[in-house]
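What follows is a short report on a single structure.
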Amino acid sequence: MVLWKSQPYGQSWLFIFHVPEPEILHIESLLRRRSDEGNNVYDIKRQRFHTPQLSSPAIHQSVPLRDELRRSFPGSIALPLLQSPAPEINGCASSSRDSWLFDHVELTLPIAKEKLSQQILDLFQACQQQISDLKKKDVCRAELQREIQQIFPQSRLYLVGSSLNGFGTRSSDADLCLVMKEEPVNQKTEARHILSLLQKHFYTRLSYIERPQLIRAKVPIVKFRDKVSGVEFDLNVNNVVGIRNTFLLRTYAHMENRVRPLVLVVKKWASHHGINDASRGTLSSYSLVLMVLHYLQTRPEPILPSLQKIYPDCFNPTMQLHLVHQAPRNVPQYFSKNGASLGELLVGFLKYFAIEFEWGKRTVSVREGKAMARTDGIEWRNKYICVEEPFDRTNTARAVHEKQKFDLIQEEFLKAWVRLRDNRDLNSVLPVQRIIGMQKR
């Protein structure tokens, strides 16, 4: 067996394989055999967990993979995904720093000149994800990658979503994307089968994984909790659009200092009022983030541009995955002439979606930086809320399929706008001190 071997960036390859049916059967047999051997007792300390059959640990980094091919199944066909040297992308110079994952992007917080803005800043500073939170998630990702690569040796496990895009909180769950191959995976058959194997493996072999559950959604996932960090994880297979949009949102998050505090307070408000749960027919956090970005793009004096229009090469939906994290790193900070305070922006955001945005006629589009007329495609027809995914152009708000839930969302936007318009006190729509106090426990 060839072990991982670290090399300078630009001298490595990642080969992604399609696993033929005989190999799937071989994997199932291997899993059964390993389960029959019994489960080792793991020490609760993460560093003392021991993985049977693997004496030398792999080197882990969320993106990109910088190591040699480890081993392959007989008859597999190699597809190069990560190759070197990495070219410079038009207008976006690449970088080879190893520590990018934990880089702390320093943006001076906006100055609060009134009470509401100060409350938003206080909430943001108490609740924003810390580097220590991110490291806990990545440690678990690394351990899981080592386990999964004993079953699917050519796979790669990515940390995606709010944990990396700059909009995470201290209590955010973590999203993982298992990349099996560069081509799309049939989510109803292939992805579900792979996830069912992993769910069984987690349950029988990994004592630090709690309650692994297979959710058969449009994009199926395995939900589980890491006992060591206490973090809840959602694991999908080959939903690579999540990798692309993670770095698009990460760029928006760090290019203007009002973006992250505004997104955080909107997510906290929506969650408190029961309209931030796609599994219950309301808005996902991703949709809420896109709605905030869209609002900031559509001011008479924009606070954010459309990155995909200005830097199309940096956010090309066909870009190879190993370049995705490099492309946006040198997009410059954006300086807007719009001097609106955080409080003014929050009130304006609520008003925009309470009484100004034409829900039945328009689609929220961050890709275009404007509200677009709805098309008659099946993705948009007869939908209550349409929020365009910037890369695959699907509707991220498709979970809102009941009029009762849509009416609830509209009602909460309207009530919050009226209250904040009249008293400019965040406590009128959110128990600020209780939320901050919970973060300090």
Side-chain angles (χ1 to χ4, degrees), residues 102-137 161-174 231 246 249-273 275-276 283-297 299 303-304 333-336 338-350 352-353 413 416-417 419-420 423-441:
F102 304 114
D103 284 350
H104 185 65
V105 181
E106 289 291 345
L107 280 181
T108 303
L109 290 175
I111 297 173
K113 296 181 180 179
E114 23 78 35
K115 178 180 178 180
L116 180 55
S117 293
Q118 188 60 56
Q119 289 174 319
I120 295 171
L121 283 178
D122 290 344
L123 186 70
F124 172 71
Q125 289 177 300
C127 298
Q128 67 172 318
Q129 178 179 260
Q130 304 296 313
I131 295 295
S132 58
D133 302 321
L134 176 57
K135 286 183 176 179
K136 288 178 185 177
K137 295 174 181 179
S162 63
S163 298
L164 275 190
N165 66 22
F167 296 117
T169 66
R170 301 220 67 182
S171 58
S172 292
D173 295 348
V231 175
T246 291
L249 265 58
R250 184 179 173 94
T251 310
Y252 278 119
H254 295 297
M255 73 185 309
E256 220 287 338
N257 65 0
R258 289 168 287 184
V259 178
R260 295 173 67 215
L262 185 61
V263 165
L264 187 142
V265 71
V266 166
K267 288 169 64 176
K268 289 291 184 183
W269 161 77
S271 180
H272 180 70
H273 290 276
I275 60 170
N276 178 204
L283 294 164
S284 66
S285 292
Y286 183 39
S287 291
L288 286 167
V289 172
L290 293 175
M291 289 166 67
V292 173
L293 298 180
H294 164 80
Y295 169 73
L296 297 176
Q297 290 174 325
R299 299 307 81 219
I303 290 175
L304 289 176
Q333 188 174 349
Y334 186 75
F335 295 97
S336 171
N338 187 324
S341 69
L342 281 171
E344 291 168 338
L345 290 175
L346 177 59
V347 174
F349 168 79
L350 294 168
Y352 178 73
F353 286 108
F413 269 94
W417 167 55
R419 288 176 183 173
L420 287 180
N423 60 38
R424 300 283 169 152
D425 184 353
L426 191 58
N427 288 295
S428 64
V429 298
L430 198 62
V432 179
Q433 292 308 315
R434 178 161 66 85
I435 294 173
I436 290 176
M438 290 174 63
Q439 304 301 315
K440 295 178 179 178
R441 291 177 185 174

Nearest 0.5 Å, what's the [atom1]-[atom2] distance between [X] and [Y]?
X	Y	atom1	atom2	value
Y352	R299	OH	CZ	6.5 Å
I275	S284	CD1	OG	11.5 Å
I303	Y295	CD1	OH	7.0 Å
E256	Q333	CD	CD	7.5 Å
L283	M291	CG	CE	5.5 Å
L264	L121	CG	CG	11.0 Å

Please tell me if the side chains of [X] and [Y] come closer than 4.5 Å, counting only heavy atoms from C-beta onward.
X	Y	answer
E114	Q119	no
D133	T169	no
S172	K137	yes

Note to self: Within the 3.5 Å criterion, strictly below it, is a donor on S285 or N276 matched to an acceptor on the partner's side chain?
What the structure shows: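 N276 and S285 do have a side-chain donor-acceptor pair below 3.5 Å.
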Note to self: Testing the basics here: between S162 and Q129, what is the closest heavy-atom pair and its distance to 0.1 Å?
What the structure shows: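 Heavy atoms of S162 and Q129 come nearest at O-NE2, 4.4 Å.
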Next item on the list: Name the orientation class of the two ring planes belonging to W269 and H273 (parallel below 30°, tilted from 30 to 60°, perpendicular beyond 60°).
Entry: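 Geometry flag for H273 against W269: tilted rings.
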Checklist line | Within 6.0 Å of CD1 in I111, more than 12 heavy atoms from elsewhere | finding: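 At most 12 heavy atoms, drawn from other residues, nucleotides or ligands, come within 6.0 Å of this atom.
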